[in-house]
Amino acid sequence: MEITQEQVKKTAAMAKLRLSDEEIESLHRLLRELVARSAGISLPEEEASTAEPGEAAAAPAPFSRPQPGLRQEEVVALAPAAERGFIRVPRVMDHE
Amino acid sequence: MNELKSLSLAELSELLAARKLSSVELTSYYLERSRKYQKDINGYITITEDLALATARRADELRTREELPLLAGIPVAVKDNIVARGAPTTCASRVLENYVSPFDAAVVEKLSLNPLLGKVNLDEFAMGADNKTSAFGPVRNPWDLQRVPGGSSGGSAAVVAAGCAPFSLGSDTGGSIRQPAAFCGVTGFKPTYGRVSRRGLVAFASSLDQIGPLARSIADCALVLQAICGHDPADATSARQEVPDFRACLQADVRGLRLGLPRENFACCDEEVAGAVEEAARQLELAGATVHWVSMPYRDEVVTAYLLIATAEAASNLARFDGVKYGYRGQGQTLDELYTSSRIFGATVRRRLMLGTFALSGEDCPACYEQGLRLGRAIARHLDSLFRQCDVLLLPTAPTVAFTLDGEQDPLASYYNDILTIPANLAGLPAVSVPCGLSSGLPVGMQLMAPRFREDLLLRVGHTWQCLTDWHQRWPREVN
C-alpha cells in the first residue's frame with residue numbers, strides 16, 4: 001500500500017498537530033516503513049480464545065460505583081478565570 | 001544521619017515505630033538530599049516540601065495515639081504522571097505545565113501517610129526510554145552524569161539510586177519502570193496488569209500501563225506492593241484478585257523452581273550484559289533452581305505490536321489535551337486553529353500521535369490497531385506456552401547499559417531497545433528488574449517475568465538473588 005504526503009497531512013489535521021515540512025517528510029518515510037514492516041509479518045494461527053491482554057486478569061466489574069465528584073468551587077478553581085462562581089471564558093462571538 | 005539512606009524500608013519502619021526517629025526528621029533528611037542533587041541529576045520537576053512536611057507532622061502526631069501501617073511516615077517520590085491533590089502534574093509537558101490536581105490518584109490515597117517529596121521527572125507523557133524528551137530537561141544518571149537514566153520513569157529511578165528518596169512510584173507501558181531501574185542500579189517492579197489501580201495515572205496506552213514501585217531491594221518492593229495493590233471499583237480494569245502476603249513470599253527460596261532463559265533475548269545483547277545475566281542464572285542454579293534455555297523467536301512482531309497498540313491508544317488518550325487551559329494558549333481564527341496552535345507537544349510525542357492517529361484512521365492498511373492487537377495476542381499465547389515449560393523467565397532487562405546523553409537514534413530502531421521488556425506489557429505479566437552486575441562501571445539489570453498474578457514467584461527468585469549478592473547495595477560514586 002502506497003502512503004502519500006497528502007495522507008500524512010490529513011492525519012496531522014485529524015491529530016490537531018501543526019507540523020513543519022521536514023516533519024511531514026520524515027513522518028512520510030516513517031509511515032511507509034511501518035506499513036511495509038506490518039505487511040511483512042505473517043501471523044501465527046489465532047486460537048479460539050480472543051481475550052485481550054489483561055482481560056482475563058482484570059475480570060472487570062460490570063459497573064463502576066459512582067464516586068463523589070468535585071465541588072463547584074474546586075472546579076472553578078481549575079479555570080484560568082472565574083466570576084461569581086462561574087468559569088469566565090473569552091468572548092467568541094460579537095453580539096448585536 | 002548519613003547512613004539513613006542505606007537502611008531498608010523495614011528498618012526505617014522499625015525506627016519510626018519505636019519513635020527513635022520521627023517522620024519529620026526522616027523527611028527533612030531526604031528533602032535535603034533531594035535539593036542537594038537536583039542541580040546535577042534533575043530528578044524532580046517539583047519538590048513539594050510543604051506537602052511533605054505537613055504529612056510527616058500528621059504521621060508523627062497520629063503515631064502518638066495509634067499504631068500505624070508499616071510504611072507510614074516514610075517519604076515517597078511520585079512520577080509526575082500520577083496525580084496528587086494540591087501538587088502540579090505536568091507529565092513533563094508544556095501542555096500541562098500549569099495543571100494542579102484537585103484529587104489524589106488511588107495509589108496516592110493508599111500512601112496518604114507517606115510524605116510526598118515531590119513529583120519526579122519523566123519522558124514527556126511517559127513516551128521515551130531515555131528521559132531526554134522531558135520539557136523540563138533531561139534526567140542524568142547518578143552513576144555517570146553524562147549518561148541517561150533510562151525512561152520513561154527516569155526520575156523515579158535516579159532519585160532512588162542517588163539516595164534522594166527511599167522509594168518511588170513509576171509507570172510501565174513498555175518497560176518504563178524496569179529499564180530505568182536497570183540503568184540506575186535499583187529494583188523496579190511492574191505488577192500484573194490490573195493488580196494496581198490506574199485511577200489518577202494520566203493514561204498513555206490504557207491496555208498496557210501499570211503503576212509499580214522502584215526501591216533499593218526486592219524486600220522493599222514487597223512492602224510497597226502490599227500497600228498499593230488491590231481492587232479499585234473506580235478502575236474498570238482493576239482485578240478482583242486477592243492480594244497475597246507479599247512479605248511472606250520472601251521466606252521461600254528457589255529450590256524446585258524452573259527458570260527459563262529465552263536464548264534469542266541473550267543473543268541480541270551486549271556481551272558483558274548477557275554474560276552478567278547468565279552468571280546470575282548459574283548462581284541461582286547453585287541455589288537450587290533448575291535452569292534451561294527456551295525460545296522467544298518474536299522480534300519484529302514485538303516491536304510492531306507495541307508501536308501499533310501504544311501509539312493508537314496514546315492518540316486517543318491525548319486527544320483530550322488541548323493545551324488551552326493548562327499550557328501555552330495559542331492563537332487562531334477558528335477553534336480548530338486555536339487547538340492546533342496550542343497542542344505544543346515535543347517531537348517524540350508528535351511523532352507517536354501521528355503514528356497512532358494513522359493506525360486508528362480506518363485506512364485499509366496492515367498498520368492498524370487491530371493488527372497490533374492480533375500480534376499482541378499471539379505473543380501472549382507464546383508466553384503462556386513458555387510458562388508450561390518453566391515457572392519464571394530470566395533474561396536481561398535491556399540489551400545495553402545506560403547510553404550517553406548526546407546520542408541520537410533512528411526513531412524505529414530506538415524501539416528495539418525495549419524489545420526485552422515489551423512482551424510483559426503485551427501479555428499483562430508481572431516482571432521485575434534487579435541489579436546483577438556492572439559493565440564498564442555501569443549497572444546491569446536482570447529481568448524476571450512470571451505468569452499473571454504470580455508476583456510471589458518474582459519475589460522468591462529476586463529476594464534469593466539479593467540474599468546471595470550485594471549488587472543492589474552498591475552506591476554510585478557521584479552521590480556517596
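Predicted model, so just to flag it, every value in this text is computed and none were measured. By convention in this document, chain letters (A, B, ...) are assigned in the order of the sequence lines, proteins followed by strands, and residues within each chain are numbered from 1.
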Which residues satisfy the side chain to side chain contact (heavy atoms under 4.5 Å, CB included) test with B/D300, sequence neighbours excluded?
-> A/I41, B/Y416

Output for pair (B/L318 CG, A/K16 NZ), nearest 0.5 Å, gives 14.0 Å

Calculate, to the nearest 0.5 Å, the distance between atoms OG and CG belonging to A/S38 and B/L375 respectively.
-> 7.5 Å

So what's closer than 4.5 Å to chain A heavy atoms on [X]: side chain, backbone, both or neither?
{"X": "B/L335", "value": "neither"}
{"X": "B/R329", "value": "side chain"}
{"X": "B/L308", "value": "side chain"}
{"X": "B/R85", "value": "side chain"}
{"X": "B/Q210", "value": "neither"}

Chain A: which of B/A319, B/G330, B/A367, B/A305 shares the most heavy-atom pairs with it under 4.5 Å?
-> B/A367

For the candidates B/A359, B/P102, B/A315, which exhibits the highest count of non-hydrogen atom pairs separated by less than 4.5 Å from chain A?
-> B/P102

Show the numbers, then the answer: is there a side chain to side chain contact (heavy atoms under 4.5 Å, CB included) between B/F358 and A/L27?
-> CA-CA 11 Å; B/F358 183 82; A/L27 279 159; over 6 Å; no

Is any residue of residues 70-78 of chain A within less than 4.5 Å of chain B by heavy atoms, and which ones?
-> A/L70, A/E74, A/L78

Any residues in residues 340-351 of chain B near chain A, with a heavy-atom distance under 4.5 Å, and which are they?
-> B/T340, B/S341, B/R343, B/F345, B/R350, B/R351

Side chain proximity check, A/L30 to B/M354, heavy atoms < 4.5 angstrom | no

Taking side chain to side chain donor-acceptor pair (under 3.5 Å) as the test, write out the residues that go with A/E83, two or more places apart.
-> A/R88

